[in-house]
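These numbers come from a predicted model, not from an experiment.
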Amino acid sequence: MALVGMPIMGIVQGMQPIVGYNFGSKQFDRMSLAIKLAMRYGLSLSITLWLLIQLFPRFWVGMFTNDTALLDDGSTAMRILFAVSFVYGIQMIINGMYQSLAKARIALFLSLSRQTLYTIPLVLILPVFFGVQGVWFAFPIADSMAVLTAVVFAYRDRTMLFKPNEYVEPETDTVQAK
């Protein structure tokens with residue numbers, strides 16, 4: 001999972017100072033462009049990594065073992081685990097975007113949603129119905145739910161993000177200095 005997440009995190013960390021600076025200096029067109037570019041490249045990278053994992057899972061599992069049974073089971077598990085990872089970049093970029101815009105509560109919620117809110121309950125519930133396969137199914141379901149949650153927040157704030165000249169700032173969730 002880290003091998004897939006780290007390159008996308010690099011895009012997020014490259015986007016954050018640009019978005020934050022341009023938001024602060026009210027250069028909203030540049031901010032929107034940075035978000036759109038990060039989305040484009042993050043999604044492209046997610047899709048590329050997803051294809052590599054789905055087409056060659058045995059290669060990736062083979063980096064850690066030569067055991068034939070483990071290669072077979074691991075390849076199946078990887079395909080399930082990464083079933084929807086092609087959209088994983090969207091969630092990471094939206095979360096990073098909210099961090100850059102000083103929307104701490106939303107960013108914290110999105111950060112916790114995938115692992116805490118969705119994955120843990122699914123890992124506990126799904127094995128009851130699907131056995132060990134339920135553990136593997138928990139991850140793509142949680143990823144889907146986390147991406148959907150992030151997209152709902154971004155859609156709600158679309159005027160701020162993509163039509164900033166029409167945006168009126170509501171009360172923020174950060175403490176303002178006097």
Residues 124-147 side chain polar contacts: donor-acceptor under 3.5 Å, at least two apart:
residue, atom, partner, partner atom, Å
Asp143, OD1, Arg114, NE, 2.4
Asp143, OD1, Arg114, NH2, 3.1
Ser144, OG, Pro140, O, 2.9

Salt bridge (charged side-chain N to carboxylate O under 4.0 Å, His left out) filter on Asp73, not counting sequence neighbours, yields none

Under a side-chain separation threshold of 4.5 Å, the hydrophobic residues clustered together with Leu112 are Leu108

Sorted by chain and number, sequence neighbours left out, side-chain hydrogen bond (donor to acceptor under 3.5 Å, both in side chains) with Asp72 holds for Arg58

Across all chains, not counting sequence neighbours, the salt bridge (charged side-chain N to carboxylate O under 4.0 Å, His left out) partners of Arg156 are none

Taken in chain and number order and not counting sequence neighbours, the residues that satisfy side-chain hydrogen bond (donor to acceptor under 3.5 Å, both in side chains) with Thr149 are Tyr118

Residue set satisfying side-chain contact (heavy atoms from CB on, under 4.5 Å) with Leu45, at least two apart, ordered chain then number -> Pro7, Ile8, Ile11, Leu49

Contacts satisfying side chain to side chain donor-acceptor pair (under 3.5 Å) that involve residues 5-16 (not counting sequence neighbours) are Gln16-Gln99

Contacts satisfying ring pair (Phe, Tyr, Trp, His ring centres under 6.0 Å) that involve residues 86-109 (not counting sequence neighbours) are Trp50-Phe86, Phe109-Phe153

Across all chains, not counting sequence neighbours, the side-chain contact (heavy atoms from CB on, under 4.5 Å) partners of Leu70 are Thr65, Asp67

Across all chains, not counting sequence neighbours, the ring pair (Phe, Tyr, Trp, His ring centres under 6.0 Å) partners of Phe56 are none

Residues at least two apart in sequence or cross-chain that pass side-chain hydrogen bond (donor to acceptor under 3.5 Å, both in side chains) with Ser75, listed by chain then number, are none

